[in-house]
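Reviewing the structure listed below.
All of these numbers come straight from a predicted model, not from anything done at the bench.
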Amino acid sequence: MNASLLALLFLLMGLPTSVQAQPIDPSAAGTLPAYQSEDRAAAEVSATNLLASDRFWPYQVGVTHAIPAGEKNKALEADAVGVLIRVEADDIARIDFGRDGVHRIPVAKTDLVERANRVRRGELEKIAPNFVLAIGPRLVNAASATMQPLPFPDVAAGLGMLSVFADPDAKDFSALAMSLAPLSERDGLFTILFPQGQHPDAGVRDQLRALKWPVPFVYDHLSEAYTKSLIEPGAALPVVLLQTRDGRLLYQSRGEAIDVAELGAAIDRSFAPVSAEAAEKAKQP
């Protein structure tokens, strides 16, 4: 593992309890795949194209203005730094500040654009796509007959990320798994289950294998923190998010019923062309 990844992992271990702070076992990450974030030929990142420039989104973001306390969040000083969850369509950055909560802050009150351009120019190192780096070392390999972490390179190989938030004890969980299973086989799509409620990891693994839907899932003791960062509190379950590898939101379910046809169309629209391009490149000598 390269020195930059180790440095980042140690940094994350020292932060308060939240998504950004859950301990990472470096041995679970495996060998970090080669990743090129610098692209000086790309257009300069601006507030106008920031949403579509997620490949340049930095892992961490600082605020440039003091942020008052919210109903569930503490106030932030002007130099506070958190982990970027995603940029949203209304020019809002969703950022996890650990013990100070998950804040939705106008991009203009952060240094996000500046940091994104530093990534683009190669001045700020980005060693993996943001969402892949955040979640990659924290997954259980449900396809394994024994409790095993999923190798980091397996996560990094995904072109798109489908995050499923559901309670394995819910009466409709089996039907949900059956409906989503065909989507998990789409080229380039990487599905992750965030189990809701408290469930032994081995039990979740066995249940997924029995349902013939052995998708990777987040460790039980980490799932709650990730859920708080990624979806709104009190959201009706189940919830599915379709994201890029950097966390840009492409589709989110509305209400308890998952429209599988609509989700499938969003997957095809977002990733089928990318998969076709990747397949064509693989044929070239």
Side-chain angles (χ1 to χ4, degrees), residues 1-39 45 50 53-62 81-87 93-98 102 110-112 115-116 118-120 122-141 149-163 188-194 215-219 221-223 225-231 241-250:
M1 183 180 302
N2 69 34
S4 298
L5 178 59
L6 283 174
L8 181 55
L9 296 182
F10 294 146
L11 172 63
L12 298 184
M13 289 181 192
L15 294 173
T17 53
S18 73
V19 159
Q20 58 182 320
Q22 301 301 336
I24 298 175
D25 176 5
S27 65
T31 302
L32 188 68
Y35 182 72
Q36 176 64 39
S37 58
E38 177 184 350
D39 186 357
V45 180
L50 178 62
S53 301
D54 49 321
R55 62 175 171 147
F56 299 129
W57 289 357
Y59 191 81
Q60 292 182 304
V61 177
V81 176
V83 168
L84 177 64
I85 304 303
R86 59 178 174 260
V87 177
R94 186 179 181 90
I95 309 172
D96 190 327
F97 289 93
V102 178
T110 73
D111 61 4
L112 204 164
R115 290 192 186 219
R118 291 179 60 200
V119 171
R120 179 183 62 84
E123 299 167 0
L124 180 62
E125 187 175 23
K126 180 172 178 174
I127 56 180
N130 288 356
F131 187 72
V132 170
L133 181 60
I135 200 70
R138 292 152 172 164
L139 299 177
V140 179
N141 182 4
L150 190 74
F152 188 92
D154 290 4
V155 189
L159 299 176
M161 319 301 287
L162 180 62
S163 299
L189 186 67
F190 189 86
T191 302
I192 302 169
L193 174 66
F194 293 75
V215 296
F217 64 94
V218 179
Y219 287 97
H221 68 287
L222 301 178
S223 187
Y226 273 99
T227 299
K228 289 180 179 179
S229 278
L230 291 164
I231 66 175
L241 304 181
L242 180 65
Q243 302 163 273
T244 66
R245 302 195 305 161
D246 277 293
R248 176 162 59 94
L249 191 59
L250 302 170

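- The side-chain heavy atoms of Y35 and P129, taken from C-beta on, include a pair separated by under 4.5 Å.
- Taking each heavy atom of G247 and F131 in turn, the nearest pair found is N-CB, 3.8 Å.
- Residue L249 forms a side chain to side chain contact (heavy atoms under 4.5 Å, CB included) with just one option from L241, I85, L230, and that option is L241.
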Would you check, one step at a time, whether the test side-chain contact (heavy atoms from CB on, under 4.5 Å) holds for L150 with V140?
-> CA-CA 5 Å; L150 190 74; V140 179; over 6 Å; no
Candidate pair V61 and D111, rule side-chain contact (heavy atoms from CB on, under 4.5 Å), full reasoning = CA-CA 6 Å; V61 177; D111 61 4; 3.6 Å; yes
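- Put simply, the side chain of Y226 gets close to the backbone of A134: a donor and an acceptor are under 3.5 Å apart.
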Report the C-alpha separation of V155 and F152 in whole Å, then their side-chain angles, then the decisive distance to 0.1 Å, and conclude whether the side-chain contact (heavy atoms from CB on, under 4.5 Å) test is met.
-> CA-CA 5 Å; V155 189; F152 188 92; 5.5 Å; no
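- The backbone N or O of L84 sits nowhere less than 3.5 Å from a side-chain atom of N130 that would complete a donor-acceptor pair.
- The heavy-atom pair separating V132 from A156 by the smallest distance is CG1-CA, 3.8 Å.
- A distance of 5.0 Å separates CG of L50 from CG of L112, quoted to the nearest 0.5 Å.
- Between A116 and V45 the shortest heavy-atom distance is CB-CG1, 3.9 Å.
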In sequence, state the C-alpha distance, the side-chain angles, and the governing distance for V215 and I192, and then conclude on side-chain contact (heavy atoms from CB on, under 4.5 Å).
-> CA-CA 6 Å; V215 296; I192 302 169; over 6 Å; no
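- Looking at residues two or more places apart in sequence or on another chain, you find a side chain to side chain contact (heavy atoms under 4.5 Å, CB included) between S223 and F194, P195, Q196, V218, T227.
- Once rounded to the nearest 0.5 Å, the distance linking OG1 of T191 with CG of L193 reads 10.0 Å.
- Rounded to the nearest 0.5 Å, atoms CZ (F190) and CE (M161) are 5.5 Å apart.
- Once rounded to the nearest 0.5 Å, the distance linking CG of L133 with CZ of R245 reads 11.5 Å.
- No side-chain donor-acceptor contact under 3.5 Å links D54 to the backbone of D246.
- Interatomic distance, CG of D154 versus CG of L139, reported as 10.0 Å (0.5 Å rounding).
- Partners of V102 according to the side chain to side chain contact (heavy atoms under 4.5 Å, CB included) rule, which considers only residues two or more places apart in sequence or in another chain, are R94, D96, S229.
- With a 4.5 Å cut-off on side-chain heavy atoms, L250 and T244 count as touching.
- At least one donor-acceptor pair closer than 3.5 Å links the side chain of Q36 to the backbone N or O of E38.
- Looking at R248, its side chain never comes within 3.5 Å of a backbone N or O of Q243 through a donor-acceptor pair.
- A distance-only check finds no donor-acceptor pair linking the side chain of K126 to the backbone of R120 [under 3.5 Å].
- Residue L124 holds its CG atom at 9.0 Å from CD of Q60, rounded to the nearest 0.5 Å.
- Annotation: side chain of R115 is not in contact with side chain of Y59 (no heavy-atom distance under 4.5 Å).
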